[in-house]
Amino acid sequence: MIAVKTPGSEKEWDAYYDLRYRILREPLGKERGSERNEGDQTGIHFALYENDVLIAVARLDCVHETICQVRFVAVESHLQGKGYGRRIMTAVENEALKRGYHKLILHARDYALPFYEKLGYILVGPSYKLFDMLQHFEMFKVLA
Ligand SMILES: CC(C)(COP(=O)(O)OP(=O)(O)OC[C@H]1O[C@@H](n2cnc3c(N)ncnc32)[C@H](O)[C@@H]1OP(=O)(O)O)[C@@H](O)C(=O)NCCC(=O)NCCS
């Protein structure tokens, strides 16, 4: 059974940040702790579980009156390409809509661009370089 929720127990939070670290920071040679930032205090956290096993994570930051930003989207490496990314993004978009937000923005890594385009995100253009090494691209989607 698939469920998307905010982690609850300490064990679930540890697994959440561990997945974020292994998928998004470790491949860049970054140390543990680099996967967290101050936005974790205020962000809305999504964790996708299949039969209670964590598979994907995402965070939604609603810091603007009408726009939210999706951040730290990651799927367990051996389970990528099986629809879990789409599934957690749908949950993120539904939650944003439920809260009255109608536009999502994000900064995608170059290799994630086709994934977000498939989900209906529009490319704005290059934005920042993470750690001076990984080019990101700003994208947006107006939610129905
Ligand atoms: C990017 C990522 C979140 C996508 O999640 P995923 O579970 O692998 O993607 P899905 O299987 O849900 O793919 C959804 C759709 O996008 C397409 N897609 C995904 N990656 C693609 C790619 N690199 N090129 C072309 N299409 C792609 C899939 O074919 C699928 O299309 P379909 O629904 O028509 O079959 C995941 O691969 C990941 O964690 N990558 C490493 C970390 C990362 O890059 N995170 C994003 C940071 S910006």
Side-chain angles (χ1 to χ4, degrees), residues 1-8 11-64 66-99 101-144:
M1 194 192 73
I2 292 185
V4 180
K5 61 167 197 161
T6 298
K11 195 172 154 206
E12 284 179 351
W13 278 112
D14 285 348
Y16 176 87
Y17 286 114
D18 178 64
L19 193 151
R20 204 197 254 182
Y21 173 70
R22 285 186 292 102
I23 305 299
L24 295 173
R25 291 293 181 268
E26 194 174 22
L28 304 180
K30 294 292 159 183
E31 69 287 357
R32 249 177 220 280
S34 62
E35 77 281 9
R36 304 180 188 225
N37 69 16
E38 63 289 344
D40 286 321
Q41 306 301 320
T42 49
I44 306 159
H45 299 270
F46 298 80
L48 184 153
Y49 299 89
E50 185 160 33
N51 300 325
D52 295 327
V53 176
L54 179 66
I55 292 177
V57 298
R59 192 180 91 193
L60 185 65
D61 291 356
C62 296
V63 291
H64 182 275
T66 54
I67 303 171
C68 300
Q69 182 176 351
V70 190
R71 302 195 63 181
F72 297 106
V73 180
V75 175
E76 189 64 81
S77 52
H78 66 284
L79 295 170
Q80 291 172 7
K82 296 182 185 301
Y84 294 112
R86 180 189 283 277
R87 194 93 177 229
I88 199 164
M89 285 299 294
T90 300
V92 168
E93 291 172 6
N94 288 342
E95 183 63 28
L97 273 174
K98 206 172 97 187
R99 290 171 183 247
Y101 295 93
H102 290 274
K103 185 175 176 184
L104 293 186
I105 63 161
L106 56 84
H107 295 271
R109 297 165 179 221
D110 48 6
Y111 53 79
L113 281 174
F115 164 69
Y116 290 117
E117 279 169 346
K118 208 65 188 271
L119 269 54
Y121 287 77
I122 311 288
L123 177 62
V124 178
S127 50
Y128 65 94
K129 250 189 182 172
L130 181 67
F131 305 127
D132 254 352
M133 64 167 112
L134 190 54
Q135 182 64 54
H136 279 62
F137 295 84
E138 185 178 349
M139 305 183 87
F140 76 91
K141 180 174 181 177
V142 176
L143 303 176

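Counting starts at 1 for both ligands and their atoms, in listed order. Position 1 is the first residue of the sequence, and the numbers go up from there.
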Between ligand 1 and the protein, tabulate every N or O atom pair separated by less than 3.5 Å, reporting distance only.
residue: ligand 1; atom: 7 (O); partner: Gly85; partner atom: N; Å: 2.8
residue: ligand 1; atom: 8 (O); partner: Gly81; partner atom: N; Å: 2.7
residue: ligand 1; atom: 11 (O); partner: Lys82; partner atom: N; Å: 3.1
residue: ligand 1; atom: 11 (O); partner: Gly83; partner atom: N; Å: 2.7
residue: ligand 1; atom: 12 (O); partner: Gly85; partner atom: N; Å: 3.3
residue: ligand 1; atom: 12 (O); partner: Arg86; partner atom: N; Å: 2.8
residue: ligand 1; atom: 31 (O); partner: Lys118; partner atom: NZ; Å: 3.3
residue: ligand 1; atom: 33 (O); partner: Arg86; partner atom: NE; Å: 3.1
residue: ligand 1; atom: 33 (O); partner: Arg86; partner atom: NH2; Å: 2.7
residue: ligand 1; atom: 34 (O); partner: Lys118; partner atom: NZ; Å: 2.9
residue: ligand 1; atom: 39 (O); partner: Val75; partner atom: N; Å: 2.8
residue: ligand 1; atom: 45 (N); partner: Val73; partner atom: O; Å: 2.8

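Scanning for ring-ring contact (aromatic ring centres under 6.0 Å, His included) contacts around Tyr16 gives Trp13, His45, with sequence neighbours left out. The side-chain hydrogen bond (donor to acceptor under 3.5 Å, both in side chains) test applied to Arg36 returns no partner, not counting sequence neighbours.
Using a 4.5 Å cut-off on side-chain heavy atoms (C-beta onward), Glu35 and Phe72 make no contact.
Under 4.0 Å is where a charged nitrogen must lie from a carboxylate oxygen, and between Glu76 and Arg22 at least one such pair does.
At least one donor-acceptor pair under 3.5 Å links the side chain of Tyr21 to the backbone N or O of Lys30.
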Expected list for residues 122-136: side-chain donor-acceptor pairs under 3.5 angstrom, two or more places apart:
residue: Ser127; atom: OG; partner: His107; partner atom: ND1; Å: 2.8
residue: Ser127; atom: OG; partner: His136; partner atom: O; Å: 3.2
residue: His136; atom: ND1; partner: Leu134; partner atom: O; Å: 2.9

